[in-house]
Amino acid sequence: MREIWGSLFIFLVCPIIGGLPLIDWINYLVTGRKLSQLGTGNIGVTAAFYHGGKLVGILAVISEAAKGIIVILLTRLFFPTGSSWELLALIALVVGRYWLGKGAGTTNVFWGLIVHDFVAVFLTSIISGISFTIFREKSTGRLVGLFLLALILTLRRPHDSGYIITAIALACLLGAIFQKIADDLDLPEASVNNESKTMFRFFRGDRSIQTLDDNLVASKVGQKAATLADLKRAGYPIPRGWILPPGDDPQPLIESLNPDINHPLVVRSSAIGEDGETASSAGQYTTILNVIDRENLAAAILSCQTSYNSPNAVNYRLDRGQENTAMAVLIQEQIRGVFSGVAFSRDPINPLSLDVVIEALPGDATRVVSGRITPESYRVNLEENIIIGAGDIPPAIIQQVANLCRQLENLDHGIPQDIEWTHDGRKLWLLQCRPITNLQPIWTRKIAAEVIPGVIRPLPWSINRPLTCGVWGDIFWLVLDKKALDLDFNKTATLHYQRAYFNASLLGTIFRRMGLPPESLEFLTKGAKFTKPPLTATLANSPGLLKLLGRELQLEKDFSQDQKNYFIPTLKKINATSPEALSSGEILEQIEEILTVLKKATYYSILAPLSFALRRSISQVPFERLDNSQAPEIASMRSLSELRKNTIDRDFDSAFSLWLETYGYLSEVGTDISIPRWRENPQELLQLPLDSPGNNSHKKVKSSHTVQKRLNIKNQVTEIYSRLLAHLRWHFLALETLWLQQQILSETGDIFYLNYSEVIQLGQNNKIANLNQIIRQRRQQFQENSQLTDIPYIVYGQPPKREFLVSNLTAKKRLQGIAASGGTVEGRIKIMPTLQNLEIAPNTILVIPYTDSGWSPLLSQAVGIIAEVGGQLSHGAIIAREYGIPAVMDVHNAMKLLKDGQLIRLDGSQGIIEIL
């Protein structure tokens, strides 16, 4: 009797369960649309994902898996576990699923078989995964998988003929359904919801065919395909595409596609090394349009692959030092463009312009890039929403393209983008996106202008650059190890117009490889916004980051040891003997000693501020609660103020001399050894009306606090670093005095127009060919660059020609910077480009290009401070907080946007400046 009820259950109930349109119901409840009226009309898991999205797809998988599991468990109420009746129940379920439910039943069978015989399913999955690398066409892959399933089930019960027949019947039934049922995966892109397709690759048997929906690796399929895949998965409008990796057999991919006159394909190159930051390979490889059948598709693929070895392409790679690698082929659905063109997020000729540059024509994009037709040209100022240019392209489309172009630039960490686009009359499509190669790398003055500001002479640059690049390189090597083999840390910094710039492109690459956001350095040094670090990259680099963390934890101990073993002994030694009493050879020997110790100090001058900023950010200790009395700019002014108050006239000169011995190493620009120190011109300091900075000790944190300890180390490092640089300057001055007496040099200051290697050469040979002419030319160049006022903060690739250095700034009533010292004040503007004098009028708000310790006598007299560069750790910010002066840092072009005598309101808590 049980067998009769079991038979009725299998032959009547199982087909009904299979035919229940649960997926259609789920999709209707979530989206309000019926799957039976969309796409192929099939009601399957694939269609649920495509037409309903991820939520519908997941619920569909659960519902169909439940059918298979429930059928097997209910069959066991009537028949023995693992019998052929369970397979027969799955057959009945699939029949109902196909005839009544318009689906293949793959998910039902898969989960039912897991309950029926997990080992067989596991073995089938493993062997099928291997076989798919051989049988790559999807229909063949499916049949191979079904054959393996039947074979393994048979081998599991080799003596049960009924079970064997049932297993073979189940495989054959699924194979027949696969041949008949249409697949929503083959629909045109516009008709489906672009959700994840990888979940179905096992069942389809085409996992080896890569598409633009996959996470592609540029080193395997080229940057063009990898970029489009990233953008497509991010939701950008990319036409559907397939990838043929280098060396792969094209036949499986060709057989999986079925182009026709209504659905043409385009075949494009995606060579390894193409569309990179330094070489685009534009126009070097073949693109074939309007591919409408498989025969032409095969020919187009071959033509595209062959173009990689064309003489022009080979010479192009040779000229740019590129290796010969391989060609991947990108095949995409061809969009019939009504309007098409290219766009540049920055003007390739004048990147200082804020405009997006667009070239466009009616028709396909190939008309624009062919070079045979002059396109319409447009410029879009996104800040003011102004379109310059007119033609056949609707302004709304031009605006949409400009917005997309600038959005893609921001997405790629500010790297200017060159895009190809088309509009089909309804939708804007992105066909290609790559960096503008002649605008690489990106150089920034944001932090460099604070490290070594102003116009820089050859000698200080030849010393600072290797020190800074070398120490940063050591830190990066510590974290990246072998991942840094292709990076040149000597390119971390350079000079444009004799101003220092950091390589933002290189630093961004380094931080991303370290698993940190590209703006990490700016976050720590200037208090900028910080995005969440990519977790996977951070975990991948955790060994190196842990090494760096170990250095940070050891910072106090290491600094204490180096201070005892190197810094204090070196400073004592060079203080013991005046350089003026040494010979040129002895002076050069001491310079080498100073430089050796200075490299150690440079390490701490980088790591100590970063350590302090990191710990303060984590603990959220307000700056106002920290004791900065050890900072040289604060300690020097407090000491001088107390000296004036507590010293009688007859003893003041001797006391002031002692004060100069302690603080005379400070200057307007501590890192620039060509700039005089206080000790060299102390008279102006004597005339200052100084007040001692505030010392609200009850507000300060305890000295044992870990953040305060790091701040104390930072201040000690600043003092040591500045002292070593001051002594370096005085040694070079002593050397210059000797060479002036020997008539090797002809004018005071000449030595600073030589680089360090030339100083060494001159010290060894007492002669350099055309020395006076070299110095004269460099002096003239320095004077010319000093006169330039419209220096860009960002340089794309090579610095713009001087004729492009024209200010395009518009007057603003409100400026925004970094809040550095709280409080609100109203006052009159005083523009102070250099430390010209140390006296200002009452109620003055100073506007300065940068700050250093040597600015403290001037800044202490202001009621407000505005600096073009700098952050919350800058000298100006420290001085402002200690004196209780509102201050705003990092206000770009403040010295041009503000005028002498203007009345403004400065909000140091919000970083806002309002012109009244």
Side-chain angles (χ1 to χ4, degrees), residues 9-10 13-77 81 86-87 89-122 124-125 128-129 142 145-146 149 170 173-174 177-178 181-185 187 192-205 207 213 233:
F9 168 75
I10 290 174
V13 178
C14 286
I16 294 173
I17 294 175
L20 288 174
L22 298 180
I23 298 177
D24 203 18
W25 297 344
I26 291 170
N27 189 76
Y28 184 77
L29 287 173
V30 175
T31 69
R33 299 184 300 171
K34 292 186 177 182
L35 284 177
S36 56
Q37 299 174 0
L38 298 173
T40 62
N42 293 330
I43 305 173
V45 171
T46 302
F49 269 94
Y50 267 73
H51 299 294
K54 290 184 178 179
L55 175 61
V56 173
I58 292 171
L59 293 176
V61 170
I62 294 172
S63 66
E64 293 305 298
K67 284 184 181 181
I69 294 171
I70 289 171
V71 161
I72 295 298
L73 294 178
L74 291 177
T75 302
R76 290 178 179 178
L77 297 176
T81 299
E86 293 181 6
L87 298 182
L90 290 177
I91 290 174
L93 185 70
V94 170
V95 169
R97 184 78 181 83
Y98 177 69
W99 288 106
L100 302 176
K102 295 183 179 181
T106 306
T107 307
N108 306 140
V109 173
F110 179 80
W111 288 96
L113 286 175
I114 286 179
V115 177
H116 171 74
D117 191 336
F118 173 78
V119 174
V121 173
F122 177 76
T124 301
S125 301
S128 295
R142 288 169 172 173
L146 292 172
L149 175 64
L170 176 60
L173 175 63
L174 287 173
I177 291 175
F178 283 151
I181 198 165
D183 195 340
D184 284 82
L185 287 170
L187 289 173
V192 297
N193 186 326
N194 181 29
E195 294 289 346
S196 172
K197 303 168 187 175
T198 56
M199 185 175 291
F200 314 108
R201 293 290 172 85
F202 169 73
F203 302 109
R204 285 179 53 132
R207 286 186 301 173
D213 296 293
R233 287 183 293 108

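In this text, all values refer to a predicted model and were calculated from it rather than measured experimentally. We number each residue from 1, following the sequence as shown.
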(Q) Restricting to side-chain contact (heavy atoms from CB on, under 4.5 Å), what partner residues turn up for Leu29, sequence neighbours left out? (A) none
Q: Working to the nearest 0.5 Å, report the span between CZ of Phe9 and CG of Leu77.
A: 8.0 Å
(Q) Could you report the tightest heavy-atom contact between Leu22 and Ser63, atom names first, then the distance? (A) CD1-CB, 4.0 Å
**Q.** Member of Thr75, Leu113, Asp117 meeting the side-chain contact (heavy atoms from CB on, under 4.5 Å) criterion with Glu86
**A.** Thr75
**Q.** Exercise: identify the closest heavy-atom pair between Gly68 and Leu93
**A.** CA-CD2, 4.0 Å
Q.
Test your reading of the model: is there a side-chain donor-acceptor pair from Lys67 to the backbone of Leu20, 3.5 Å cut-off?
A. yes
Q. About how many Å separate CG of Asn27 and CG of Leu55, when rounded to the nearest 0.5 Å?
A. 10.0 Å
Q: Could you pull out all residues at least two apart from Leu73 that satisfy side-chain contact (heavy atoms from CB on, under 4.5 Å)?
A: Ile69, Arg76, Val115
Q.
Looking at every non-hydrogen atom in both residues, tell me the closest pair between Ala89 and Val71 and how far apart they are.
A. CB-CG1, 3.6 Å
Q) Below 4.5 Å, heavy atoms only, C-beta onward: do Val94 and Asn108 meet side chain to side chain? A) no
Q: Report the distance from atom CD1 of Ile62 to atom OG1 of Thr107, rounding to the nearest 0.5 Å.
A: 12.0 Å
Q) Would you say the side chain of Leu59 lies within less than 4.5 Å of the side chain of Ile23, judging by non-hydrogen atoms? A) no
